[in-house]
Amino acid sequence: MKVITLQSNPAIYSGNSYLVLGTWNKLSDNNVLVDTGSDNYIMHEIEKINTGVGKVPINMVLLTHNHFDHAGGVIPVKEKYGAKVISGTIFNGVDRLFVDGETIMMGDAYFEVIFTPGHSSDSICLYSKGERVLFSGDTSIRVNMSDGTYTEEAIKSMERLARLKIDIIYPGHGMPITENPEKIIHRSLLNMKSIKM
């Protein structure tokens, strides 16, 4: 599995977009885009990437939630590549809804869809047990004592993540988390429980 962090438009506020490919770009691999960012800016970069000979650059778009900075570019990507769009809620361009616990092939690896409501009602994370990789969207991963209050729903979401074996987290904003991601999640969960609503 290869994960490519795509450059978002520096002129507007935008979340991270990730292109997930198979290690060898085989025809059987599923080229997946995790979030589109605010607009179609990432499409210029996708065109420069070797996504496999005879393959459509994007087979599927998986949206971690429906906020504009993560899903604003859905229509241009869908129109250009004919990609199937899956989200936690229906809006223009979405083909179907995620099912909690379903497995989706991303590149040449399998990922579980984990519902993590809290940041938004339709927030999801994508987790590969084999790769020990988590795409977290805007689900709160780093929570400090001064971060306010958290609902039971948000705490339950974090409890689900705390049970996973993770080597790297690809968040919705900022750089990938490679140093002690499991420790960060466990500490955040303790902080959330101490300041819950």
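These numbers come from a predicted model, not from an experiment.
The side-chain heavy atoms of Arg187 and Met192, taken from C-beta on, include no pair separated by under 4.5 Å. When side chains are defined from C-beta on, Ile169 counts as touching Ile185, because their heavy atoms get closer than 4.5 Å. The shortest distance between side-chain heavy atoms of Arg160 and Phe115 falls below 4.5 Å. Residues Met43 and Pro76 form a side-chain contact, since some pair of their non-hydrogen atoms from C-beta on lies under 4.5 Å apart. With a 4.5 Å cut-off on side-chain heavy atoms, Met60 and Leu33 do not count as touching. No side-chain heavy atom of Val32 sits less than 4.5 Å from a side-chain heavy atom of Asn59. Annotation: side chain of Ile177 is not in contact with side chain of Ile166 (no heavy-atom distance under 4.5 Å). Side-chain atoms of Leu189 and Ile155, non-hydrogen and from C-beta on, do get closer than 4.5 Å to each other.
Connection of Ile86 to Leu19 is not established within any shared hydrophobic cluster, with ILVMFWY side chains joined at heavy-atom distances below 4.5 Å, either directly or through further cluster members. Note: the hydrophobic cluster containing Val56 does not contain Ile104 (ILVMFWY, side chain heavy atoms under 4.5 Å, direct or indirect links). There is no path of hydrophobic side-chain contacts, each under 4.5 Å, that joins Phe68 to Val74. Side-chain heavy atoms closer than 4.5 Å link hydrophobic residues (I, L, V, M, F, W, Y) into clusters, and following such links, even through other members, never connects Ile114 to Ile168. In terms of hydrophobic clustering, with Ile, Leu, Val, Met, Phe, Trp and Tyr side chains grouped at heavy-atom distances under 4.5 Å, Ile141 and Leu164 are assigned to a common cluster.
Under the ring pair (Phe, Tyr, Trp, His ring centres under 6.0 Å) criterion, the residue pairs touching residues 153-176 are Tyr13-His173, Tyr18-Tyr170, His70-His173, Phe135-Tyr170, with sequence neighbours excluded. Under the ring pair (Phe, Tyr, Trp, His ring centres under 6.0 Å) criterion, no residue pair touches residues 75-110, with sequence neighbours excluded.
At least one donor-acceptor pair closer than 3.5 Å links the side chain of Ser188 to the backbone N or O of Val143. Thr103 contributes no side-chain N or O that, together with a main-chain N or O of Glu112, makes up a donor-acceptor pair within less than 3.5 Å. Between the side chain of Glu45 and the backbone N or O of Leu6, no donor-acceptor pair lies under 3.5 Å. In this structure a side-chain-to-backbone donor-acceptor pair under 3.5 Å is missing from Asp29 to Leu21. In this structure, the side chain of Glu153 does not engage the main chain of Pro117 through any donor-acceptor pair within 3.5 Å. Remark: side-chain polar atoms of His65 are not paired, donor with acceptor, to backbone N or O of His119 under 3.5 angstrom. In terms of modelled atom types and a separation under 3.5 Å, the side chain of Asn16 and the main chain of Pro171 share a donor-acceptor contact. Using a distance-only test at 3.5 Å, with no hydrogens or angles considered, no donor-acceptor pair links the side chain of Asp35 to the main chain of Gly37. Checking side-chain atoms of Asp138 against main-chain N and O of Ser123 turns up no donor-acceptor pair under 3.5 Å. Counting only distance, with no hydrogens or angles, the side chain of Asn31 and the backbone of Thr51 share a donor-acceptor pair below 3.5 Å.
Considering only residues two or more places apart in sequence or on other chains, Glu159 meets the salt bridge (charged side-chain N to carboxylate O under 4.0 Å, His left out) condition with Lys193. Every residue two or more places apart in sequence or in another chain was checked for a side-chain hydrogen bond (donor to acceptor under 3.5 Å, both in side chains) with Ser17, and none qualifies. Qualifying salt bridge (charged side-chain N to carboxylate O under 4.0 Å, His left out) partners for Glu102, counting only residues two or more places apart in sequence or in other chains: Arg96. Annotation: salt bridge (charged side-chain N to carboxylate O under 4.0 Å, His left out) contacts of Lys55 (sequence neighbours excluded): none.
No hydrogens or angles considered: nothing links the side chains of Thr116 and Ser157 as a donor-acceptor pair under 3.5 Å. Ser136 and Thr139 are not linked by any side-chain donor-acceptor pair at a separation below 3.5 angstrom, with hydrogens and angles left out of the test.
Other residues, nucleotides and ligands contribute only 12 or fewer heavy atoms inside 6.0 Å of the CD atom of Glu179.
Atom CE of residue Met158 and atom CG of residue Asn191 lie 9.5 Å apart, to the nearest 0.5 angstrom. To the nearest 0.5 Å, atom OG of residue Ser14 and atom CG of residue Asn9 are 7.0 Å apart. Lys78 contributes atom NZ, which lies 3.0 Å from atom CG of Asp95 (distance to the nearest 0.5 angstrom).
Shortest non-hydrogen contact noted between Leu27 and Gly54 is CD2-O, 4.2 Å. Shortest non-hydrogen contact noted between Ser120 and Asp122 is OG-OD1, 2.8 Å. Pairing each heavy atom of Gly137 with each of Thr64, the nearest pair is CA-OG1, 3.5 Å. Shown here for Val133 and Met1, the closest heavy-atom pair between the two residues is CG2-CE, 4.0 Å. Nearest approach of Ile42 to Thr36, heavy atoms of both residues: CD1-O, 3.4 Å. Contact record, Ala83 with Val61: CB-CG2, 3.9 Å, taken as the closest heavy-atom pair.
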Take Val53 and Asn25 through the test side-chain contact (heavy atoms from CB on, under 4.5 Å) and record every step on the way to the result.
CA-CA 8 Å; Val53 176; Asn25 287 341; over 6 Å; no
Under the side-chain contact (heavy atoms from CB on, under 4.5 Å) rule, what do Leu126 and Leu62 come out as? Steps first, then yes or no, please.
CA-CA 9 Å; Leu126 298 159; Leu62 306 180; 4.0 Å; yes
List the steps and the verdict of side-chain contact (heavy atoms from CB on, under 4.5 Å) for Lys80 and Ile58.
CA-CA 9 Å; Lys80 182 167 182 66; Ile58 306 292; over 6 Å; no
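With respect to the salt-bridge test (charged N to carboxylate O, under 4.0 angstrom), the residues Glu182 and Arg132 qualify.
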